[in-house]
Amino acid sequence: MATTTVFDIVLFGGCGDLSLRKLMPALYRGYAEGSFDSNSRIIPTCRDAETAAGYAEILAKSLQQFLSSDEYDSAVADSFMQLVMPCALDITTVDERWKSLHKLFSKDAEQSRIFYMAVPPAIFGITCENLSQQKMINGQSRIVVEKPIGYDGVTASAINDEIARYFDEKSIFRIDHYLGKETVQNLMALRFTNVIFEQLWDAKSIDHVQISISETVGLEGRAGFYDNAGALRDMVQNHLLQLLCLVAMESPNKLDANSIRAEKLKVLEALRPLTGADVDDYTVRGQYVAGEFNGDLVPGYLEELGKPSSNTETFVAIKAHIDNWRWSKVPFYLSTGKRMKARSAKIVIQFKEVSHRVYDGSVGQMTPNQLIIKLQPGESIQLSLMTKDLTCLETKLKPVSLNLNFSDTYDNFKSDAYKRLILDVAANNPALFIHRDEVDCAWRWIDPIIEQWQQSAHTPDLYRAGSWGPSAAKTLIEQDDRYWFNGESDQ
Ligand code: BG6
């Protein structure tokens, strides 16, 4: 049962896509399950007074749109909306309206005060400065910063420096919503509470690891942002590298933020740099062209973008290595793409073959064990094992799968990463948030890849929307006699 908390949360960018699509539904879910009480205040800011005045209507519509029909309850929504106090404010300009914002806070100085920056990073600095000038930052204040933090290492540092002028590191919560997904946290539970995995989790037993996030969506109205970012900055620098850290890190001695972050940082520091020709050999970037998805024709990236050309990648695959004792010579294959054949996020741990074959070839193919952690859709953990085929008199072997499907185990299992993470901010628990050092280190690995891509005459490989990405991604893994798990033969 969730514990009840109370907080004030200001959503800077309260009318934006992130607030309406993700943050408000997350807050609704937290409220509906009783995780915070009705003395909490939710304060979305909107630039113009008219939008702020009509906010209740906008919110009601978007809750209905973004909550599933079994979650949305009009009575709960009405009572939730009583906590929502929209505020008209141009956050880059200091004027009287900041006073109205101040008045909306609880008078209780001990109440958590959360400033959620659902705005572009370019205005993080000025927002913090104005908060400070208006004396709104107290001992209970925390700031939540959304990715992207920067465009490269230099810009990320500049953003982090600006925020650090007003908030100390303890009060800065850099969010990566993948860390709030229940199955991602389960990865730590699986690794650090089960001796069978703990003993096998290294180069002696593991052949390679695959971490992939495929999306079926395209630009979703974010063309301006996306064309300047691309898949490497949008997904790999943060979500994929964070997942890689959780797979590869040593066991923290405690589950507190400092211990976890210190272990993740060591993994990032041990990532083998990819520079110069290695970038060409170990990375693949792709861009989708028009194709078919679920029987419908979908446009290519350039058509969605409305530009005649762009070198922005909508797909990336990388073969990475972690240079330490545990992972020596174990490749980590990372991949992510938009407009792929299916939506899926998963981690595949491929174990090695048995060291000696006691069965001869007549028993059929021996498949090495695989641990597959599906993050979405349908959160599950599967372990494939070789068994004797019980239906044959003669000895034949057959791979079977032990399946832990969370929706079978937990009735009504629904996880909402944003809800979980916002409640963690309210409870001042930073364990699932990213330290500045991790951001810097991740960029140090990403920057040389981008530099090499920019210098290269090579442009992204094209792939059809609705496929599994460019054929070069298939070659990247198949040249090592390994295969992408799941549907990848269909490129
Ligand atoms: C965001 C990216 O961080 O993650 C988006 O900016 C992407 O481009 C999204 O679509 C994917 O998140 P999820 O939880 O839907 O897999």
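Heavy-atom basis, side chains included; hydrogens, waters and symmetry copies ignored. First listed ligand is number 1; within each ligand, the first listed atom is number 1.
If you number the atoms of ligand 1 from 1 as listed, the ones under 4.0 Å from a heavy atom of Arg222 come out as 2 (C), 5 (C), 6 (O), 8 (O). Close contacts of ligand 1 with Lys147, meaning ligand atoms under 4.0 Å from a residue heavy atom, involve 1 (C), 2 (C), 3 (O), 6 (O). Short contacts between ligand 1 and Lys338, defined as distances under 4.0 Å to a heavy atom of the residue, involve ligand atoms 5 (C), 7 (C), 8 (O), 10 (O).
The closest side-chain donor-acceptor pair between Arg420 and Gln185 falls under 3.5 angstrom. In this structure, a donor-acceptor pair under 3.5 Å is present between the side chains of Thr283 and Trp453.
Looking only at protein heavy atoms, the nearest one to atom 16 (O) of ligand 1 is Tyr178 OH, 2.5 Å. Ranking the protein heavy atoms by distance from atom 15 (O) of ligand 1 puts Arg343 NH2, 3.8 Å first. Looking from atom 10 (O) of ligand 1 to the surrounding protein, the closest heavy atom is Glu215 OE1, 2.4 Å. For atom 6 (O) of ligand 1, the closest non-hydrogen atom of the protein is Asp234 OD1, 2.6 Å. Closest protein heavy atom to atom 12 (O) of ligand 1: His177 NE2, 3.1 Å.
Residue Leu404 places its CG atom among more than 12 non-hydrogen atoms of other residues, nucleotides or ligands, all under 6.0 Å distant.
Side-chain rings of His208 and Tyr333 approach one another, their centers coming within less than 6.0 Å.
Note that Arg339 lies outside the cation-pi zone of Tyr301, set by a 6.0 Å cut-off to the ring centre and a 45° limit from the axis.
The shortest N or O to N or O distance between Gln376 and ligand 1 is below 3.5 Å. For ligand 1, none of its N or O atoms has an N or O atom of Tyr226 under 3.5 Å away.
Ionic pairing of Arg343 and Glu215 is not present here: no N-O contact between side-chain nitrogen and carboxylate oxygen is shorter than 4.0 angstrom. By the 4.0 Å N-to-carboxylate-O rule, Glu438 lies too far from Arg174 to be salt-bridged with it.
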